[in-house]
Amino acid sequence: MLYPEWVDFTLQRFVMSSDEQCLNASIREYLIPCIRSETSLRKTVRQLQQVAGFHSPIPKENLFGIYDYMSTLTPDDRTDPRLELLLNSTRFVSDVMDSIRNLTLVGVKGVSADQLYERITAKYGDRGTIPRRVRYALATLRNFGALEHEGNKWYLVRDLFQQMC
């Protein structure tokens, strides 16, 4: 599970760094007070590198532009660019978001985790890690302001796709 401020930190350090190992060390140091498990820490650093670091599928020049744009905004106004970064860099999270969006578009009022497991399993195959990864994706999307959780349902509250149409 990721938090928006972690992405801000990673992006800022990525722009200032020319070395992947230094960026890894900087992210680790930043996250140590938040993440106690070494395995979780390693995975989170890797995931942040995927979103806004040396392993991002987003071209370096674009990440620099996003950083320049985000640095003109207050943290409260960075929701859309953060969400865009997350969805454009992390296919699995994007697929979870697409599944919620599609279910919402066909009239489903609140999406259950089981509905998402079914859709994601259809796409990725029946793997034991799917439920855990879907839960982390949902929590991350909630942290980024895209979803709300009420009862046993997830509700779409912010969708970049709808804003662009």
Side-chain angles (χ1 to χ4, degrees), residues 1-12 14 27-28 30-53 55-58 63 66 69-70 73-165:
M1 163 173 60
L2 301 179
Y3 290 90
E5 58 272 15
W6 295 357
V7 171
D8 290 356
F9 178 85
T10 301
L11 184 59
Q12 177 191 33
F14 170 72
I27 296 168
R28 286 179 59 81
Y30 176 75
L31 294 177
I32 282 176
C34 306
I35 302 173
R36 301 272 183 236
S37 161
E38 180 58 36
T39 301
S40 295
L41 181 60
R42 187 181 70 253
K43 288 179 179 181
T44 304
V45 169
R46 186 174 60 234
Q47 189 64 38
L48 287 166
Q49 282 271 21
Q50 174 79 25
V51 173
H55 296 281
S56 179
I58 300 168
L63 288 173
I66 292 165
Y69 173 66
M70 284 178 55
L73 303 173
T74 67
D76 290 341
D77 292 331
R78 295 178 187 163
T79 302
D80 287 346
R82 286 173 177 152
L83 187 56
E84 188 173 354
L85 256 176
L86 178 70
L87 296 175
N88 287 330
S89 64
T90 313
R91 187 74 219 150
F92 190 84
V93 175
S94 181
D95 288 341
V96 169
M97 183 70 160
D98 288 344
S99 295
I100 294 168
R101 180 185 300 118
N102 292 338
L103 286 166
T104 301
L105 288 173
V106 296
V108 175
K109 303 285 187 227
V111 177
S112 71
D114 286 341
Q115 288 171 306
L116 292 171
Y117 299 155
E118 182 179 312
R119 286 179 167 257
I120 297 299
T121 297
K123 181 167 185 137
Y124 287 91
D126 193 7
R127 300 178 186 177
T129 60
I130 294 289
R132 185 182 70 236
R133 290 192 68 206
V134 167
R135 284 192 307 272
Y136 287 147
L138 291 169
T140 296
L141 287 165
R142 182 192 60 221
N143 293 343
F144 278 68
L147 302 178
E148 287 183 357
H149 186 244
E150 189 175 312
N152 290 328
K153 303 284 184 169
W154 292 91
Y155 298 90
L156 188 63
V157 294
R158 181 176 220 90
D159 187 356
L160 295 175
F161 179 75
Q162 289 176 342
Q163 293 174 12
M164 291 186 283
C165 294

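Values below: all heavy atoms of this structure, side chains included; hydrogens, waters and symmetry mates excluded. Just so it is clear, the model here is predicted, and its values are computed rather than measured.
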To the nearest 0.5 Å, tell me how far [X] [atom1] sits from [Y] [atom2].
X: M97; Y: L87; atom1: CE; atom2: CG; result: 5.5 Å
X: L48; Y: F9; atom1: CG; atom2: CZ; result: 10.0 Å
X: Y155; Y: L147; atom1: OH; atom2: CG; result: 12.0 Å
X: I120; Y: D126; atom1: CD1; atom2: CG; result: 13.0 Å
X: I100; Y: L141; atom1: CD1; atom2: CG; result: 6.0 Å

Less than 4.5 Å apart, side chain to side chain, heavy atoms only: is that true for [X] and [Y]?
X: R119; Y: L103; result: yes
X: R135; Y: Y117; result: yes
X: S40; Y: K43; result: no
X: L105; Y: R101; result: yes
X: T44; Y: I27; result: no
X: Q50; Y: P57; result: yes
X: V51; Y: L11; result: no
X: W6; Y: I35; result: yes

Can a donor-acceptor pair be found, under 3.5 Å and without considering hydrogens, that links the side chain of [X] to the backbone of [Y]?
X: N143; Y: L2; result: yes
X: S99; Y: D95; result: yes
X: S56; Y: A52; result: no

Requested in this report: Determine, step by step, whether R82 and M70 satisfy the side chain to side chain contact (heavy atoms under 4.5 Å, CB included) criterion, reporting the C-alpha distance in whole Å, the side-chain angles of both residues, the deciding distance to 0.1 Å, and the verdict.
Outcome: CA-CA 9 Å; R82 286 173 177 152; M70 284 178 55; 3.8 Å; yes
Other residues, nucleotides and ligands only: do more than 12 of their heavy atoms fall within 6.0 Å of [atom1] on [X]?
X: Y136; atom1: OH; answer: no
X: N152; atom1: CG; answer: no
X: Y124; atom1: OH; answer: yes

What heavy-atom pair brings [X] and [Y] nearest, and what distance separates the two atoms?
X: P131; Y: R127; result: CD-O, 4.0 Å
X: T140; Y: M1; result: OG1-CA, 3.3 Å
X: L138; Y: W154; result: CD1-NE1, 3.4 Å
X: L85; Y: L63; result: CD2-CD2, 3.6 Å

Query raised in the report: Is E38 salt-bridged to R28, cutoff N-O under 4.0 Å?
Result: yes
**Report entry** Carboxylate-amine/guanidinium contact R158 D80, below 4.0 Å
**Finding:** yes
Query - F92 and I130: CA distance, side-chain angles, deciding distance, side chain to side chain contact (heavy atoms under 4.5 Å, CB included) verdict - result: CA-CA 10 Å; F92 190 84; I130 294 289; 4.2 Å; yes
Requested in this report: Start with the C-alpha gap between E118 and Q115, add the side-chain angles, then the distance that decides, and say whether side chain to side chain contact (heavy atoms under 4.5 Å, CB included) holds.
Outcome: CA-CA 5 Å; E118 182 179 312; Q115 288 171 306; 5.8 Å; no
Report task. Begin from the C-alpha positions of L156 and V111 and carry the test side chain to side chain contact (heavy atoms under 4.5 Å, CB included) through to its verdict. Result -> CA-CA 9 Å; L156 188 63; V111 177; over 6 Å; no
